[in-house]
Amino acid sequence: MAITIKSAREIELMSEAGRILEIVHNELAKALHPGMSTKDIDRLGEDVIRSYGCIPSFLNYDGYPASICVSVNDEVVHGIPDKHRIIKEGDIVSLDAGVIYKGYHSDAARTYGIGRISPQAEKLIEVTKQCFFEGIKYARAGCHLHEISNAINDYIDTFGYGVVQDLVGHGIGTKLHEDPQIPNFHQRRRGVKLMPGMTLAVEPMINAGTWQVSWLDDDWTVVTDDGSLSAHYENTILITEGEPEILTLSASA
Ligand code: MF3
Ligand code: CO
């Protein structure tokens, strides 16, 4: 499948999908507290998404049973919300969400500490977020896709963390996952040339220890092989001639 270039009208709809998703994330961030279940988080997220007339894109995607992926501590991504799974002070929690607005998708993830967390956990969360910003320095027309991947991996190498290789970022538009794939690790080839109107979900997944991961028996939850903490940070962006527009994060944030 070819990479889609969005029209002005499509970009408007994706921007709105992005604005709404940012609100969803802000509402979830405000609500997070020790003692709530990961299912509580999912329920709130789904309510907020639907209150804006959007559809939660993850729900029933390939059989995924919830609207928000909630991944705690050594869970990397795609944790399944569960009413018996209670988050507690000291945990780190990754929330991944996607919405569909008038047929157009946005996708974004954040990782939060619950109450007081260890300095090591704090640093992992900060560095993972910074990976995204290091990567998108090359997210502009004329750059090659893999400059994003290489920038993320180069940055991470200075910390000795593990970059997850089994999952990647992706194009996004009328579908949640479009071409191209966007790895967060070193690439030998240059990848496609970026053009204005491409919309991409850039999503570094970084482990405090080994890069290696496995799937739990639920066939969704991805965990680190060494039990180390993992963080995830993702935004949907628009390629322009200049700086990329981050559709799921307002300029002020
Ligand atoms: N942000 C993730 C991704 O881009 C979320 C997908 S979860 C799923 O792949 F449930 F929808 F699969
Ligand atoms: Co994504």
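Whatever order the structure lists them in is the order used to number ligands and atoms, beginning at 1.
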In this structure, is the centre-to-centre distance between the rings of Tyr61 and His78 below 6.0 Å? no

Notebook entry, point to check: Mind checking whether the Co ion (ligand 2) has an N, O or S of His177 under 2.8 Å?
Noted result: no

Any donor and acceptor pair, going by atom type alone, linking the side chain of Thr236 with main-chain N or O of Ala201 inside 3.5 Å?
-> no

query = Between Tyr61 and ligand 1, is there a nitrogen or oxygen pair with a distance under 3.5 Å?
reply = no

So is Asp96 in contact with ligand 1, going by heavy-atom distances below 4.0 Å?
-> yes

Compute the shortest N/O to N/O distance between His170 and ligand 1 and return yes if it is under 3.5 Å, no if not.
-> yes

Practice problem: For His170 and Asp107, test the side chains for any donor-to-acceptor distance below 3.5 angstrom and give the result as yes or no. | Solution: yes

Open item on the list: Geometry only, no angles: is Glu234 polar-contacting ligand 1 at N/O separations under 3.5 Å?
Closed with: yes

* Asked: Within Asp96, is some N, O or S atom less than 2.8 Å away from the Co ion (ligand 2)?
  -> no

Closest non-hydrogen contact found for His144 with Arg190 is CB-O, 3.1 Å

Query raised in the report: Taking N or O atoms only and a 3.5 Å limit, does Glu203 qualify as a polar contact for ligand 1?
Result: yes

Notebook entry, point to check: Under a heavy-atom criterion of less than 4.0 Å, does Ala201 contact ligand 1?
Noted result: no

Scanning both residues in full, the closest heavy-atom pair of Val70 with Tyr64 reads N-OH, 4.3 Å

